[in-house]
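Comments concern the structure below.
Reminder, nothing fancy here: chain letters follow the sequence lines and each chain counts from 1.
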Amino acid sequence: MLQVNVMRNNPQFVKERLAVKNFKQPELVDAIIALDDERKKLQAEFDSLQAKINASSKNIGTLMAAGDTKEAAQLKADVATWKSQLDPVKKQAAETEKKLEETITLLPNLPSERVPKGFSAEDNEVVKQNEVPTLSENALPHWELTKKYKLIDFDLGTKITGSGFPVYTGKGAKLQRSLIQYFLDYNTNAGYKEIIPPFMVNEASAFGTGQLPDKEGQMYFVNEDGFYLIPTSEVPLTNIYRDTIVKQEELPVKMTAYSPCFRREAGSYGKDVRGLNRLHQFEKVEIVQLIEANKSYEALEEMVDHVERLLQLLELPYRILRLCGGDMSFTSALTYDFEVYSAAQKRWLEVSSVSNFESYQSNRLKCRYKDEAGKMQLVHTLNGSSLALPRILACLLENNQTENSIILPEVLHNYFGADVIN
RNA sequence: GGUGAGGUGGGUGAGUGGCUCAAACCAGUAGUUUGCUAAACUGCCGUACGGGUUAAACUGUACCGAGGGUUCGAAUCCCUCCCUCACCGCCA
């Protein structure tokens with residue numbers, strides 16, 4: 001969440017930035033500042049009353065020890081008076097603080113200056129785009145190919161669980177595993193520490209990275225235990241550092257993890273959910289960084305290059321988008337999306353989203369470090385997919401199909417144990 | 001799931017109502033000294049929100065798992081919840 005001081009220092013700037021995200025309630029900025037003023041005032045009142053009570057209580061102790069019960073009784077009466085004044089202040093302060101917290105939580109992160117204005121995916125800025133391949137007339141979409149080579153059984157998944165929970169079988173399962181392993185190796189070679197996190201998180205974690213309250217209905221929830229199934233391993237990974245003061249020399253923290261990701265995807269339909277395009281459970285390898293504020297955009301570029309190189313190694317046609325204000329996530333300050341071209345479907349599919357959250361997450365997480373001057377600073381958090389599996393798989397199958405085989409990119413040969421599926 | 005024991009500052013760990021604005025030790029840090037891949041000694045060494053300052057100094061309040069309660073006063077007593085550990089049961 002945003003810091004009140006940022007709003008206080010330049011409310012106009014904050015409102016302008018929020019407008020880029022098409023945020024409709026700029027007046028909340030003023031409301032927050034007013035609530036914060038109120039909070040300060042109430043706290044000052046509370047503090048001075050409490051100070052008097054503390055001092056008198058101490059005196060009562062001394063007087064009692066000296067046997068001066070009369071004087072002590074007088075002080076007790078004073079304390080009783082102050083306490084009766086204190087209670088309403090305390091209550092009001094708690095209410096103000098709660099209201100303040102709730103209101104701040106409504107504000108999305110501020111987009112960085114490089115974020116283009118816009119309302120939807122149409123307005124995203126294409127930073128780079130490969131030439132798209134064309135396939136022969138009788139080329140098959142991936143949902144036919146997975147059937148043809150017995151790689152994925154969608155119907156079986158529907159039987160066992162429901163739609164959007166595919167079953168990978170035989171070479172399909174092995175290819176999936178090969179990709180996961182390859183991605184993890186690629187990431188760890190670049191200095192990311194491998195982690196296997198929990199696949200369910202508690203409410204505090206879901207709030208910490210901003211899934212709550214914004215995406216409440218998008219996560220699967222285990223009511224009995226109060227746990228959420230993770231929509232991405234960003235959540236458990238970043239929350240490793242919740243309520244932590246990191247040593248500056250440990251920065252940047254770089255982590256990578258494979259995990260299944262669970263998303264309810266309520267409201268999706270049609271060609272968007274066909275085959276591997278959009279699932280309720282999918283596999284993903286994630287990268288996360290925590291870094292000092294002045295280095296976070298450098299880190300973002302590094303992560304973008306990292307993901308781009310991976311796509312090149314997979315020999316897939318891709319493009320890079322800089323998301324516009326309207327298409328970015330609630331918590332992000334700047335996001336690059338990577339899309340690969342699905343040649344049989346003739347459409348681009350998102351396979352990675354690399355974002356800098358600046359201090360929006362860390363302010364909720366309370367993840368800080370001490371700078372050279374000994375002052376506490378919020379870290380900046382970043383994450384990205386490296387990579388999401390299903391759509392990569394879809395494109396590999398579609399783009400590399402021949403009459404009776406699928407040719408795999410060279411980097412996968414050793415992992416998969418063959419250079420072709422047939 | 002059952003029974004028992006616990007949750008204190010970066011770590012270990014004292015502390016059963018006021019002298020604890022949490023002891024001591026370890027780690028960390030700054031310095032002193034000693035002819036030196038190190039030791040000894042001394043100081044400093046939590047976080048949050050306020051006030052104060054150019055910045056400090058200084059200063060108020062809160063925080064000993066969380067939330068309530070008793071009391072003039074709570075780490076300490078009471079209640080509820082959460083979590084951890086041990087053993088038993090069940091189980092990959």
Short N-O contact, [X] and [Y], less than 4.0 angstrom:
X	Y	value
A:Glu125	A:Arg114	no
A:Arg278	A:Glu265	yes
A:Lys52	A:Asp47	no

If you find the nucleotide of RNA chain B closest to A:Met376 and the one closest to A:Asn59, which residue's nucleotide is nearer the 5' end?
A:Asn59
Sequence neighbours left out, cut at 3.5 Å: what donor-acceptor pairs do the side chains of residues 410-420 of chain A make with other protein atoms?
{"residue": "A:His413", "atom": "NE2", "partner": "A:Leu408", "partner atom": "O", "Å": "2.8"}
{"residue": "A:His413", "atom": "NE2", "partner": "A:Pro409", "partner atom": "O", "Å": "3.3"}
{"residue": "A:Tyr415", "atom": "OH", "partner": "A:Asp185", "partner atom": "OD2", "Å": "2.6"}

Using only heavy-atom distances, determine whether the side chains of [X] and [Y] contain a donor-acceptor pair under 3.5 Å.
X	Y	answer
A:Thr158	A:Asp155	no
A:Gln361	A:Thr381	yes
A:Glu358	A:His380	no

Please report the distance separating the [atom1] of [N] from the corresponding atom of [M], rounded so that it comes out in whole Å.
N	M	atom1	value
B:G2	B:G89	P	16 Å
B:U12	B:C85	P	14 Å
B:C91	B:C82	C1'	25 Å
B:A75	B:U20	C1'	9 Å
B:A74	B:A56	P	33 Å
B:G9	B:C25	C1'	14 Å
B:U76	B:G65	P	8 Å
B:A24	B:G4	C1'	30 Å

Is there any protein nitrogen or oxygen under 3.5 Å from a nitrogen or oxygen in nucleotides 75-83 of chain B, and what are the pairs?
none

Just distance, no hydrogens or angles: give the donor-acceptor pairs under 3.5 Å from side chains in residues 75-85 of chain A, sequence neighbours left out.
{"residue": "A:Asp78", "atom": "OD1", "partner": "A:Gln74", "partner atom": "NE2", "Å": "3.3"}
{"residue": "A:Thr81", "atom": "OG1", "partner": "A:Ala77", "partner atom": "O", "Å": "2.9"}
{"residue": "A:Ser84", "atom": "OG", "partner": "A:Thr81", "partner atom": "O", "Å": "2.6"}

What's the [atom1]-[atom2] distance between [X] and [N], to the nearest Å?
X	N	atom1	atom2	answer
A:Gln3	B:A48	CD	C1'	14 Å
A:Lys247	B:U29	NZ	C1'	12 Å
A:Ile245	B:G28	CD1	C1'	14 Å

Against the six-membered ring of A:Phe207, is A:Arg364 placed for a cation-pi contact (under 6.0 Å from the centre, within 45° of the normal)?
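Yes, cation above the ring, under 6.0 Å and within 45°.
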Check the angle between the aromatic planes of A:Phe338 and A:Tyr318 and answer parallel, tilted or perpendicular using the 30° and 60° thresholds.
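Tilted: the ring planes of A:Phe338 and A:Tyr318 meet at 30° to 60°.
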Just say parallel, tilted or perpendicular for the rings of A:Tyr220 and A:Phe262, cut-offs at 30° and 60°.
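Rings of A:Tyr220 and A:Phe262: perpendicular, as their planes differ by over 60°.
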Each base of RNA chain B marked ( ) or [ ] if paired in-strand (Watson-Crick or G-U under 3.5 Å), | if paired to another strand and . if unpaired gives ((((((((.[[[..)..(.....]]].(((((.......))))).((((((......)))))).[[[[[..)....]]]]])))))))....
Pairs involving residues 156-179 of chain A, ordered by first then second residue, that meet ring pair (Phe, Tyr, Trp, His ring centres under 6.0 Å) (sequence neighbours left out):
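Qualifying pairs: A:Phe165-A:His280.
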Could you tell me whether A:Lys41 contacts a base, only the sugar-phosphate backbone, or nothing, with contacts defined as non-hydrogen atoms closer than 4.0 Å?
nothing
Take nucleotides 49-74 of chain B nucleotide by nucleotide from the 5' end and write B, S or -, depending on whether a protein heavy atom sits under 4.0 Å from the base, only from the sugar-phosphate, or from neither.
BS---------BSS---------BS-
